[in-house]
Amino acid sequence: MAINSVGREIPEVYNGKKIVPYGGPKSYKPDLMTATRPIKRNDSGKSKVVGGLRDAIVASGLKSGMTISTHHHLRNGDRLLNDLVKEIDALGIRDITIAASSVHIVHAELVPYIKKGVITGFECGVNGLIGELISKGELNCPITVRSHGGRARSIATGEVQIDVAFLAAPYCDEYGNFNGFFGPSACGTLGYAIPDAQYAKTVVAVTDNLVPYPALPIAIPQSMVDFVATVDTLGDPKKIVSSTTKLTRDPMGLQIAKYASMVIDATGYLKDGFSFQTGTGGISLAVAGHVRDMMRERKIKGSFGCGGITGFFVDMLEEGLFEGLFDVQCFDLKAVDSIGRNQKHQQMSANLYADPFNMGCLVNRLDCAILSATETDVNFNVNVNTESMGYLLHNTGGHCDVAAGAKVSIIVCPSIRGRLPMVRDAVTTVTTPGETVGVIITERGIAVNDHLPELKEELIRRRAPVKDIHQLRDEIYSITGAPKDVEFEDEVVGLIEYRDGTIIDTVRKVRA
Amino acid sequence: MADFQLRRTMLYVPGNMPSMLQNVPLFQCDAVIIDLEDAVNYAEKDAARNLVTSFLSTWKDRNKEVLVRINPLYTKWGHDDLKAILPVMPDAIRFPMCETAEMAQELDAELTKYEKANGIAEGHFKILPSIETVKSVINSYEIARASKRIYGLAFGAEDYTASMGIARTNSGEDLMHPRMQIVMAAKAAGVQAIDTVFSDVNDMDALRRETETIKRLGYTGKCLSNPRQIEIIHEVFAPKEEEVEYALKVVEAIKQANEMGTGVISLNGKMVDLPVVKRAIHTLNTAYAQGMVDAPVDEEILNGN
C-alpha cells in the first residue's frame with residue numbers, strides 16, 4: 001500500500017497491473033509511444049456488411065479473453081451492449097473485458113453474464129446496479145473507473161487495448177462510413193466512439209439504418225471500419241436523448257445558480273471570447289440562463305461552449321452569443337438536430353475534448369465550467385462516484401478533466417441532501433482533487449479555494465456570501481450533525497483512475 | 001432607524017412546513033412573515049406554533065426582520081399564539097383582519113403587558129396590521145395612528161376582494177381604490193405602505209408590472225409567497241443610477257455642512273430640504289442593499305454626526 005497525494009491508501013498492484021499513485025494534477029507523463037494496431041489492406045470495394053450481430057462477432061475473430069468496446073451515445077436507450085453480450089454468450093465466448101465509454105443503468109441486464117463468467121472485467125466506469133453489486137462484493141469483477149479524457153488517453157496510449165469495437169452507427173452505409181446525426185436512433189455527435197475507431201484492432205459499425213453509399217457527412221470514415229452489421233434496432237429513441245432540459249424552480253437551487261453567476265461575473269472572464277461549459281442539471285441550466293442574460297445585456301460574443309450540449313447552448317449559438325460549440329455528447333433532440341446542419345456546432349472526439357496526453361485538449365481553453373457534486377470536502381475534493389451508502393453508482397464523466405482544464409471550475413451543490421451534509425471533513429471517494437477545484441457553491445455560501453485569492457477578494461468586494469470552507473462545513477454540520485462514515489472492508493473492488501492514469505482513489509467493499 | 005428600514009420584500013413562510021422554515025435564514029428577502037394564520041389548517045395550529053417557536057429559538061444569527069402572523073385575537077388561537085411566540089422574540093407581529101384602531105390597541109396593550117412583565121424595552125415588538133377588509137380600508141388612517149408600534153400598513157387583497165364580493169383580476173383595477181387609500185393613510189400617518197401578494201408565481205412579467213405600479217403609487221415594499229419573486233421585486237425597487245448619483249451628492253453636501261458646522265445644506269447653490277435629504281439616505285440604503293454602492297449611510301448624519 002502507498003498513500004497518494006490526496007491521502008488515499010492505494011494498493012501497489014491491482015488486477016495484475018502495477019499502479020502509479022496520484023501525485024498531482026499535472027505532474028505525471030510516462031515516456032511512451034501512442035498505441036498501434038495492425039496494418040490492414042482492403043483492395044475490394046465490396047460491401048462490408050456481414051449480416052447480424054452474431055455474424056459480426058464471428059467475422060471480427062472475437063475470442064475468449066479479449067476486450068470489447070461500445071460507446072454510450074445512446075445512453076439509457078442503448079440495446080447494443082446488452083444484445084452483444086447475449087450473442088457473445090451464445091457463441092460460448094467467455095472472459096470478456098468491457099471497455100465501453102460508459103455503462104448505464106439499462107445495462108443492469110449484464111449482471112447474469114458477469115455471474116456466468118462471460119464478462120470478467122470493466123475497463124470503464126459504470127452507472128447503477130453493477131457498481132452497487134460490485135461494492136457489496138456480490139459480483140467479482142475488477143473495475144477501473146475512468147473519466148472521459150482518461151478513457152480516451154488509456155486507449156491512445158495502449159494501456160487499454162480494445163480487440164473489437166462495436167460502434168452503434170445510426171446513419172451508416174455498406175462500406176462503413178457513418179454518423180450519428182440522422183435515423184431512428186439518431187444521437188448526434190459520436191465523440192466518445194472516435195478513439196475506439198482509431199485504435200481498436202477491429203472495428204464493427206452496427207446499424208439499424210443502412211443508407212445508400214456514401215453516408216454523408218462522415219463522422220467516422222470507412223478507412224477505420226472493418227465490418228458493418230445490421231440490427232433491427234439500436235435502441236429506444238425516447239431514452240436516447242431524454243434529458244429534461246428544464247431550469248430548476250427550487251428556490252434554493254435558484255439561489256445557488258444566482259451565486260454561480262455572481263462568481264462567473266467576478267472572474268473577469270465574462271467578456272468577448274468567453275468560453276463556458278455547463279451540465280444538464282436544473283441548477284446548471286439556471287446558471288446558463290444567467291450567463292446568457294449577462295452576455296445579451298453586455299453584447300458579449302463568446303468563443304465557445306463545450307462538453308455535453310443541450311438545446312440551451314444551441315439557442316445561444318444561434319443567437320450569436322458563441323462563435324461555436326464543441327460537442328462530445330448531445331443531450332437532447334435540439335442538439336442532435338443542430339449538429340446535423342450547423343457547421344459551427346462541431347463534433348469533437350473524447351481525445352480532443354479532454355485527453356491530457358496530447359498537444360492540448362479543449363478543456364484547457366475553458367474559462368469557466370459549472371460542475372456538480374455528490375459530496376465535497378474541506379480540501380475542495382469532489383466525489384461524484386460513490387453515494388451515501390458507499391456504493392459505486394456513478395461514472396466520472398468529464399468531471400476531473402474539466403476541473404483540471406478550466407481556469408475557474410465551479411462546483412454547485414445543495415448544502416444538504418436527504419439530511420446529509422454535502423460539505424464534509426473528507427469525501428468518501430476522491431473523483432476530482434481539490435487542487436483543481438476553484439469554487440464550491442451551496443445555498444449557504446461560496447467557498448473559494450486558496451489558489452484564487454483575487455477572485456475571493458473581488459467576491460467579497462461585491463458582498464457575495466463568501467465563507468471559508470471550514471465555516472461552511474460547520475454551518476451545515478450545525479444542522480445535520482457530523483455524518484457517520486460508511487464502513488468499508490480492506491478489499492479493493494475497484495479503482496478510481498485520474499485522467500492521467502495515476503490512481504486517485506479506490507472503491508472498497510462496503511461492510512455488510 | 002425605523003424610517004429607513006428596508007421592507008421591499010416580506011416573504012410569507014408557512015409555519016407548519018419544516019422544509020421551508022429551515023431555509024428562512026437563506027432567503028434574500030428583507031423580512032420574513034412566518035404564518036400561523038391562513039397557511040395553517042385548523043388541525044395543525046398547535047403543531048405549527050410549536051414548530052415556529054422551536055425554529056425561532058434555535059435561529060441564532062438572525063439576518064432579516066422576523067414577523068409572525070398570528071391568528072386574529074378574536075379567534076381561539078390568537079392569544080395562545082402570542083403567548084408562545086413572544087418569548088422567542090419576533091421583531092413584529094403581522095396582525096390580520098385589523099379593522100379598527102381599537103383592535104390594534106388591544107394588541108398593543110397585550111404587547112406592553114408582556115414587555116413590562118419580562119423586562120423588555122417598551123415598544124420592542126412592532127405591529128404590521130393587515131388592511132384586508134372594506135372596513136379596514138375605510139379605517140386605515142386611524143389604524144395607522146393607533147399605536148406607536150405600527151410601522152406600516154400592509155394591504156391584503158384576497159380578503160379585501162372577498163369582503164367586497166368581487167373577484168380579483170390580473171389587471172388590478174379592482175384594487176386601485178384600496179391601494180390609493182392605504183398608501184395615503186400610511187403617508188399621512190408617517191408609516192410605510194406594503195402591498196399585497198401577487199399570487200401567480202409563474203407570471204414574472206405581470207409581477208414586475210404590478211410592482212412598478214405600486215412603487216409609483218408610493219408603496220415601499222410588497223408581500224410575497226414565493227421566494228422566486230424576491231429578485232424581481234428588488235430589481236423594481238432598486239434606484240436608478242442617476243438617483244444614486246444625486247443622492248450621493250446630497251449626502252456629500254450634508255457631510256460638508258456638518259464639517260463646516262452650518263445647518264444649511266446647499267447643493268449647486270440651492271438649498272436642500274430635509275425631505276430631500278431623507279429620500280437621499282433611503283435611496284442610498286436601498287442602493288446598498290442592491291449592491292449598487294459600497295456602504296450604507298448612517299442616518300446619524302442628519303443630526304450633524
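So that the names make sense, note that chain A is the first sequence line, chain B the second, and so on, each numbered from 1. Fair warning: this is a prediction, and the values are worked out from it, not measured in the lab.
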Can you name the residues of residues 441-474 of chain A that have some heavy atom under 4.5 Å away from a heavy atom in chain B? A:Glu443, A:Arg444, A:Arg461, A:Arg463
Taking all non-hydrogen atoms of both residues into account, name the closest pair between A:Arg249 and B:Arg228 and its distance. O-CD, 3.1 Å
Sort B:Asp61 into side chain, backbone, both or neither according to what part of it lies under 4.5 angstrom from a heavy atom of chain A. neither
Is the count of non-hydrogen atoms from other residues, nucleotides or ligands lying under 6.0 Å from A:Met389 atom CE greater than 12? no
Heavy-atom count around B:Lys240 NZ within 6.0 Å, excluding the residue itself: above 12? no
If one checks every heavy atom of B:Glu231 against chain A at 4.5 Å, the contacting part turns out to be side chain
How close do A:Gln255 and B:Phe27 get, heavy atom to heavy atom, and via which atoms? OE1-CA, 4.3 Å
With rounding to the nearest 0.5 angstrom, report the CG to CG distance, A:Asp250 to B:Asn23. 8.0 Å
